[in-house]
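Note sheet for the following structure.
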Amino acid sequence: QLLCSSRVARTVDKLERTLLHWACVHAAHQCIESLPARPVHFQTLLDAYAGQLTSRDCKGKTPVMLLLETGVELQKKKWEEKQVAMFHLPLEWIHMLQKNPTVAAIEDSTGRLPIHAAVAAGLSTNHVASWIELHPNALLHVDESLQVALHAALCAPWSARLQTAESVHLLLVRSYEKLGTVVDGRLAMKMEDGDGMYPIHYACRNDASVEVMQVMMKYYPQAALLQTPSGDLPIHCLLSETLLDHPKKNESVRQKIKLMVPPLLTDAKKLSVVDSTFGMMPLHICVYFSAADYSELLRMLELYPEAAMH
């Protein structure tokens, strides 16, 4: 009764946020930090103030966008505390989205759509599917940093490790817009962001799972040949000092390297690329991690004999 009749509930604060904005902030904290349930009646607020769902604060964020962005910040904090976990929202939020599809296409002041924040926060697969269903074009929408949703899902260590093969698959499959326009999510694999990075580089650098890497390589094997602005291949982005100190203890990295080998064998020039940090060529990496069989190593030497002398 108070929520529906209070004059304060219909006003905005100095951040231009409505009561619904702050209710969404609370919801993110409750879901990620497992806070005790409190009587914040979202449906009551939505029924009384449906127009607030598309209202924007001073940074152009709708209530739902603020919920998702708050989730991103909380996941970052959890990562620093080594407690990161999948972001689950109540089922009624999916129902709310289906009744209010316009929110899926509203950009904030940086050009980000809800799908960017949803995957960056590690939102569960069913929610990711809902965002795509509401606005398939969002799959290839770039923000001001030239990132699409696939970049956003992988460009931070906490978000990359939260992605599942199913969620990445959803970002890469073909989606059909209501008017018949085909949106091919696989094109995201070929898009570089403002830093010159492709999604595969972030996946390798931030330790995405083997299953995620398998999905990405299935849709675009030639991603293994893409280079960063510093010249590194995805196979180079897998390397770290800690990893090189214990090469036999990380089976998942060995499996990821094995995924990169077949495409590399199709381009002799790429076999000559030396990484910018450790000075290793693909041949060195494969030998060091025992990630290629004899025939693959022999083929590398046939294509680029000089690698043996480097």
Side-chain angles (χ1 to χ4, degrees), residues 72 75-80 82 84 112 116-117 119-122 142-143 145-165 167-169 171-172 186 188-247 249-264 270-271 273-286 288-289 291:
V72 174
Q75 290 288 39
K76 181 179 180 180
K77 179 181 177 182
K78 288 287 186 180
W79 167 257
E80 293 168 352
K82 303 186 185 302
V84 69
R112 281 163 68 92
H116 289 86
V119 295
V142 295
D143 62 13
S145 61
L146 301 184
Q147 290 195 339
V148 294
L150 189 59
H151 286 109
L154 301 166
C155 69
W158 61 86
S159 61
R161 299 184 193 194
L162 284 171
Q163 302 308 314
T164 64
S167 62
V168 172
H169 168 76
L171 296 176
L172 291 172
R186 295 174 297 179
M189 290 285 292
K190 304 178 183 181
M191 299 173 71
E192 56 183 327
D193 65 10
D195 292 325
M197 300 284 283
Y198 292 87
I200 191 69
H201 297 130
Y202 287 123
C204 292
R205 179 175 295 179
N206 292 320
D207 197 21
S209 70
V210 174
E211 293 75 19
V212 164
M213 295 288 292
Q214 287 172 336
V215 171
M216 296 179 74
M217 294 300 293
K218 172 186 175 182
Y219 281 106
Y220 186 48
Q222 297 307 103
L225 307 179
L226 299 174
Q227 292 178 259
T228 67
S230 59
D232 291 338
L233 294 163
I235 195 172
H236 296 134
C237 294
L238 292 167
L239 302 178
S240 68
E241 289 187 12
T242 302
L243 183 62
L244 291 174
D245 287 340
H246 305 284
K249 293 184 178 181
N250 201 317
E251 176 62 20
S252 66
V253 172
R254 194 176 77 86
Q255 293 298 323
K256 294 172 190 177
I257 294 171
K258 289 176 71 69
L259 292 172
M260 305 287 173
V261 172
L264 287 170
K270 300 298 182 182
L271 295 174
V273 177
V274 179
D275 87 273
S276 60
T277 304
F278 303 103
M280 299 180 76
M281 290 181 178
L283 176 65
H284 302 136
I285 297 172
C286 289
Y288 196 78
F289 289 92

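What you see is a predicted model, and the numbers here were worked out from it, not measured in a lab.
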**Study point:** Flag, side chain of H151 to backbone of M191, donor-acceptor distance under 3.5 Å
**Key:** yes
**Study point:** Where C286 and I235 come nearest, the two heavy atoms and their spacing
**Key:** SG-CD1, 4.4 Å
Exercise for review: Would you indicate whether the side-chain heavy atoms of W158 and K78 approach each other to under 4.5 Å?
Suggested key: no
Exercise for review: Working to the nearest 0.5 Å, report the span between CD of E80 and NZ of K77.
Suggested key: 9.5 Å
Revision key, fill the gap. Heavy-atom nearest pair, L259 first then M217, reads O-CE, 3.6 Å
Point to revise | Donor-acceptor under 3.5 Å (Q147 side chain, D193 main chain) | key: no
Practice item. Output every pair passing ring-ring contact (aromatic ring centres under 6.0 Å, His included) with a member in residues 223-242, not counting sequence neighbours, ordered by first then second residue. Key: none
**Study point:** Closest contact, heavy atoms only, D143 versus R112
**Key:** OD2-CG, 3.4 Å
Exercise for review: Any pair with a residue in residues 189-209 that passes ring-ring contact (aromatic ring centres under 6.0 Å, His included), sequence neighbours left out, goes on the list, sorted by first then second residue, please.
Suggested key: Y198-H201
Review point. Can you list the steps and then say if E251 with R254 is a salt bridge (charged side-chain N to carboxylate O under 4.0 Å, His left out)?
Key: CA-CA 5 Å; E251 176 62 20; R254 194 176 77 86; 3.0 Å; yes
Review point. What's the verdict on side-chain contact (heavy atoms from CB on, under 4.5 Å) for L244 and L239, showing C-alpha distance, side-chain angles and the deciding distance?
Key: CA-CA 7 Å; L244 291 174; L239 302 178; 4.1 Å; yes
Check your understanding: How far does CE of M213 sit from CG of L154, to the nearest 0.5 angstrom?
Key -> 9.5 Å
Check your understanding: Rounded to the nearest 0.5 Å, how far apart are CG of L226 and CD of E192?
Key -> 9.0 Å
Check your understanding: With a cut-off of 6.0 Å (strictly less than), are more than 12 heavy atoms of other residues, nucleotides or ligands near NZ of K76?
Key -> no
Review point. Where do P263 and P221 come nearest, in terms of heavy atoms and distance?
Key: CG-O, 3.3 Å
Exercise for review: Look up atom SG in C155 and atom CZ in R205, then write down how far apart they are to the nearest 0.5 Å.
Suggested key: 11.0 Å
Review point. Got a donor-acceptor contact below 3.5 angstrom from the K256 side chain to the A208 backbone?
Key: yes
Review point. How far does CD1 of I200 sit from CG of L233, to the nearest 0.5 angstrom?
Key: 11.5 Å
Check your understanding: Is the backbone N or O of M197 less than 3.5 Å from a side-chain atom of T228, with the two atoms forming a donor-acceptor pair by type?
Key -> no
Point to revise | side-chain contact (heavy atoms from CB on, under 4.5 Å) evaluation trace for R161 with D207 | key: CA-CA 6 Å; R161 299 184 193 194; D207 197 21; 3.6 Å; yes
Review point. Which atoms form the tightest heavy-atom contact between S159 and A152, and what is the distance?
Key: OG-O, 3.7 Å
Practice item. Taking all heavy atoms of C204 and all of M260, pick out the closest pair and write down the distance. Key: SG-CE, 3.5 Å
Point to revise | Derivation and outcome, side-chain contact (heavy atoms from CB on, under 4.5 Å), residues V212 and T164 | key: CA-CA 6 Å; V212 164; T164 64; 5.7 Å; no
Exercise for review: For F278 and E241, run side-chain contact (heavy atoms from CB on, under 4.5 Å): C-alpha distance rounded to whole Å, both residues' side-chain angles, the deciding distance at 0.1 Å, then the answer.
Suggested key: CA-CA 9 Å; F278 303 103; E241 289 187 12; 3.7 Å; yes
Point to revise | Sidechain-backbone polar pair: D275 side chain, D232 backbone, donor-acceptor under 3.5 Å | key: no
Check your understanding: Short question: side chain of Q163, backbone of V119 - any donor-acceptor pair under 3.5 Å?
Key -> yes
Check your understanding: Quick one: OH on Y219 to NE2 on H169, what's the gap to the nearest 0.5 Å?
Key -> 4.0 Å
